[in-house]
Each structure stands twice: as C-alpha cells, then as structure tokens.
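Values below: every heavy atom of this structure, side chains too, minus hydrogens, waters and symmetry copies. What you are looking at is a predicted structure, and each value in this text was computed from that prediction instead of being measured.
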Amino acid sequence: MRWRSLLAAGALAIGLAGCAAVYKPGGATASGIRLDDTPRIAVISAFEPELKLLLNRLQGPARHSVNGVEFTTGTLEGKPVVLFLSGISMTNATMNTQLVLDRFRVSSIVFSGIAGGVNPQLHVGDVTVPAQWGQYLEVLMARETAPGKFTAPPFIKDATMPNFGMMHPRPVEVRSAAKPGIERKFWFEADPKMLEVARSIRNVDLANCSAGKCLARKPQLVVGGNGVSGQAFMDNKAYREYTFKTFQANVLDMETAAVGMVAYSNGVPYIAFRSLSDLAGGGEGANEMGTFMGIAADNSAKVMLAFLAAWK
C-alpha cells in the first residue's frame with residue numbers, strides 16, 4: 001500500500017508539473033486559456049469615462065471577465081477589437097496589458113485617454129500622439145553629499161540624465177523575445193506605421209465645449225514628440241518645467257510607458273492617443289482635470305476612432 005501511495009503521489013506531481021504554464025503557439029497557456037481566437041486590436045483606456053464613448057460605438061459586444069477585469073470584444077470602425085480598462089497606475093497597466101496578450105489574439109495595441117500637458121506650447125483639449133514614451137519616475141533617490149548636492153553611488157552608471165534634487169532618472173531593465181538578455185532602455189517607441197497613419201488624420205472636429213464648459217481656444221492634434229509616464233499624479237509647476245526641459249515631453253500620464261514596455265517585450269506594435277485634461281501644475285489656479293476631463297476624454301476617443309477607420 002505504501003508503495004502504491006508513493007507511486008500515485010509521484011504521478012500526481014508529474015501531472016501537476018506538466019500543467020504549469022506550458023506555452024502554446026499564439027500565446028495561450030494551460031493555466032490561461034485563450035478566450036477568443038480572432039485577431040484583434042487591443043483598445044485600452046485608463047478609467048471608465050474614457051471608455052464610455054468607445055463602448056457606445058462598439059458593434060456585436062461580447063463580455064469576458066478575467067481576474068475581475070472586463071474585456072469586451074466586438075467591432076469598432078470595421079475593425080475587430082477588444083476593449084478594456086488598464087486601471088490607473090503603471091502596475092495595473094502592466095498587469096492588464098500582459099493579461100490581454102495572454103488571453104486574446106492581439107495584433108496591435110491602441111491606448112486612448114487623458115493626460116497632463118507638459119509642453120508650454122500645448123493647451124487643454126489638445127490631442128497628442130507621441131512617437132515614444134519613457135518612464136520618467138524610474139529614479140535613483142541619491143544621498144545629499146553637500147548642501148543641495150545629490151550624488152549617485154559610484155556603482156550606478158546609468159543615472160546620466162539631469163536630476164531634480166535627489167531624483168536621478170534611470171532607464172528600466174527589459175527583456176524581449178528578440179533580445180532575451182537584460183537590456184536597459186528609456187524610450188519605448190510607438191510603431192512607425194501606426195504613427196504614419198496618425199499623421200494622415202484630417203478633419204476630426206475636436207470639441208472645445210462640454211456640459212456648458214468651454215475652452216478658450218480650439219484644440220489641435222499633435223503627432224510626434226515624447227511622452228512620459230510615472231506612478232504619481234503630477235500637479236507641480238517646478239517638476240513640470242523640469243520634465244519638459246529634461247525629456248522634451250509633450251505630455252505625461254500614469255500608464256502609457258508601461259503599456260509600451262509590455263508591447264516591446266512581446267513584440268506587439270502600439271500607439272497612444274492622449275488628450276490634455278490639465279497642465280500638470282502649469283496652469284493658473286486649481287488643477288483643471290475635474291473641469292475639462294470630459295472634453296479631453298472625448299477628443300482622444302474621436303482621434304482614436306479616426307485612426308481605426310484609417311488603419312489597414
């Protein structure tokens with residue numbers, strides 16, 4: 001009996017080992033079965049108001065739930081898509097972008113949402129489509145070696161960008177199928193073909209009024225330049241000015257660079273449309289997000305829909 005018990009236990013252990021995250025072609029695993037086999041564009045928003053307009057336009061919706069995240073498949077502007085919320089923050093965006101890649105057959109990734117404006121030439125309501133995104137709050141917190149002087153330890157060689165006090169920006173470590181060794185990388189580039197299509201977008205009527213609230217000028221679409229993402233909601237004039245000077249960023253948010261990193265690691269093309277809801281501390285008076293979030297979210301969605309209509 002003891003021999004039979006040991007044999008049964010061994011067989012069970014082998015069986016369990018064989019079920020543990022076995023990779024299958026197309027990205028499915030034994031512990032994470034693909035929910036839909038249609039090639040789709042993953043369309044991501046950070047939180048509910050940004051996704052509402054898109055869900056209202058979706059044809060043939062079908063809902064799936066994984067780990068509490070709701071994915072909705074269907075057709076948008078004639079393209080098969082899967083819509084979902086990244087959740088707010090770099091961690092949520094990373095986790096849920098990988099989740100959609102594991103559970104659906106994703107051909108490309110499109111992000112639509114709001115952001116804080118950094119470039120002083122841009123205004124609330126404008127829609128930006130950066131060519132690359134970096135994680136500007138991936139930093140070394142340096143010790144103060146003299147009054148007002150913060151110095152990196154000698155063994156940290158990659159903190160080469162200008163610092164903001166004790167905060168020294170650094171690249172992130174990333175691996176990918178194309179480069180399985182550790183690579184240090186700051187910028188994660190949007191797909192050049194997708195950017196080319198974004199540059200061709202014309203005649204999108206960007207709103208400057210919503211619910212009786214109006215902007216002083218008509219919003220514009222800006223394709224190219226840089227965007228940055230980090231774990232903090234930014235509403236500080238001095239840090240905004242530093243961010244523009246150091247990274248030449250047009251906008252900042254809390255998700256896109258994380259999505260770009262996951263897309264890079266998996267070899268999936270991506271692009272992000274972000275509309276300015278506020279000036280990240282650069283405006284006069286209180287932060288503008290609560291006032292103009294609706295205008296910004298709708299403008300970003302309008303441009304993204306025009307992109308989907310033009311994307312082949």
**Item:** side-chain contact (heavy atoms from CB on, under 4.5 Å) involving Ala257 - partner list, sequence neighbours excluded
**Value:**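 With neighbours one apart ignored, the set is Met90, Trp133, Gln135, Ser229.
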[X]: which residues meet the salt bridge (charged side-chain N to carboxylate O under 4.0 Å, His left out) condition with it, sequence neighbours left out?
X: Glu70; result: Arg63
X: Arg57; result: Glu77
X: Glu144; result: none
X: Arg240; result: none

Contact summary for [X] and [Y], nearest pair of heavy atoms:
X: Leu76; Y: Leu54; value: CD1-O, 3.7 Å
X: Ile201; Y: Ala306; value: CG2-CB, 4.0 Å
X: Pro219; Y: Gly125; value: CB-O, 3.2 Å
X: Pro80; Y: Pro39; value: CB-O, 3.6 Å
X: Val100; Y: Ala42; value: CG1-CB, 4.3 Å
X: Ala142; Y: Ala152; value: CB-N, 4.3 Å

**Prompt:** Quick check: are there more than 12 heavy atoms from other residues, nucleotides or ligands sitting under 6.0 Å from CZ of Arg184?
**Reply:**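 Atom CZ in Arg184 is not crowded, with 12 or fewer foreign heavy atoms closer than 6.0 Å.
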**Prompt:** Does atom CZ of Arg143 have more than 12 heavy-atom neighbours, drawn from other residues, nucleotides or ligands, at distances under 6.0 Å?
**Reply:**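 Atom CZ in Arg143 is not crowded, with 12 or fewer foreign heavy atoms closer than 6.0 Å.
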Just so I know, are the side chains of [X] and [Y] near enough to count as touching, which here means a heavy-atom distance under 4.5 Å?
X: Arg175; Y: Glu183; value: no
X: Asp126; Y: Leu221; value: no
X: Met304; Y: Val43; value: yes
X: Val127; Y: Val222; value: no
X: Val251; Y: Pro130; value: yes
X: Thr75; Y: Leu58; value: no
X: Thr72; Y: Val81; value: no
X: Asp36; Y: Val82; value: no

Could you state whether [X] and [Y] fall into the same hydrophobic cluster, counting links through intermediate Ile, Leu, Val, Met, Phe, Trp or Tyr residues with side-chain heavy atoms under 4.5 angstrom apart?
X: Val223; Y: Phe188; value: no
X: Met194; Y: Ile41; value: yes
X: Met95; Y: Val262; value: no
X: Leu140; Y: Val174; value: no
X: Leu51; Y: Val303; value: yes

Going by distance alone, is a donor N or O of one side chain under 3.5 Å from an acceptor N or O of the other, for [X] and [Y]?
X: Glu189; Y: Tyr270; value: no
X: Thr145; Y: Thr151; value: yes
X: Ser112; Y: Ser45; value: no
X: Asn226; Y: Gln248; value: no

Side chain [X], main chain [Y], donor-acceptor under 3.5 Å:
X: Arg202; Y: Arg199; answer: yes
X: Asn266; Y: Val268; answer: no
X: Asp191; Y: Pro269; answer: no
X: Ser300; Y: Gly113; answer: yes
X: Thr97; Y: Ala93; answer: yes
X: Lys79; Y: Leu308; answer: yes
X: Ser275; Y: Ala296; answer: yes

**Asked** Is any side-chain N of the basic residue among Lys218 and Asp205 closer than 4.0 Å to the acidic one's carboxylate O?
**Response**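 Salt bridge: yes.
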**Message:** What I want to find out is whether Arg274 reaches Glu255 closely enough, with some N-O distance under 4.0 Å, to be called a salt bridge.
**Reply:**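 Answer for the salt bridge query: yes.
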**Item:** Mutual orientation of the aromatic rings belonging to Phe273 and Phe307 [parallel < 30°, tilted 30-60°, perpendicular > 60°]
**Value:**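 Because their plane-to-plane angle lies in the 30° to 60° range, the rings of Phe273 and Phe307 count as tilted.
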[atom1] of [X] to [atom2] of [Y]: how many Å apart, nearest 0.5 Å?
X: Asn119; Y: Asn250; atom1: CG; atom2: CG; result: 4.5 Å
X: Thr256; Y: Ile44; atom1: OG1; atom2: CD1; result: 9.0 Å
X: Phe104; Y: Leu99; atom1: CZ; atom2: CG; result: 8.0 Å
X: Cys214; Y: Ile295; atom1: SG; atom2: CD1; result: 6.5 Å
X: Thr160; Y: Arg170; atom1: OG1; atom2: CZ; result: 10.5 Å
X: Glu138; Y: Glu173; atom1: CD; atom2: CD; result: 9.0 Å

**Asked** Does the side-chain contact (heavy atoms from CB on, under 4.5 Å) test come out yes or no for Leu305 and Leu53, once each step is laid out?
**Response** CA-CA 10 Å; Leu305 288 169; Leu53 186 150; 3.7 Å; yes
**Message:** Could you check whether Lys213 makes a cation-pi contact with Phe292, meaning its NZ or CZ is under 6.0 Å from the centre of the six-membered ring and within 45° of the ring axis?
**Reply:**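 Negative - Lys213 is either too far from the ring of Phe292 or too far off its axis.
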**Asked** Lys52 and Leu55: side-chain contact (heavy atoms from CB on, under 4.5 Å), yes or no, with the steps?
**Response** CA-CA 5 Å; Lys52 185 176 180 181; Leu55 287 172; 6.0 Å; no
**Asked** For Val228, which fellow cluster members are found when Ile, Leu, Val, Met, Phe, Trp and Tyr are connected by side-chain heavy-atom distances below 4.5 angstrom, either directly or through intermediates?
**Response**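 Hydrophobic cluster check, Val228: joined to Val118, Tyr136, Leu137, Val139, Met141, Phe150, Met161, Phe164, Met166, Met167, Phe186, Trp187, Met234, Tyr239, Tyr242, Phe244, Phe247, Leu252.
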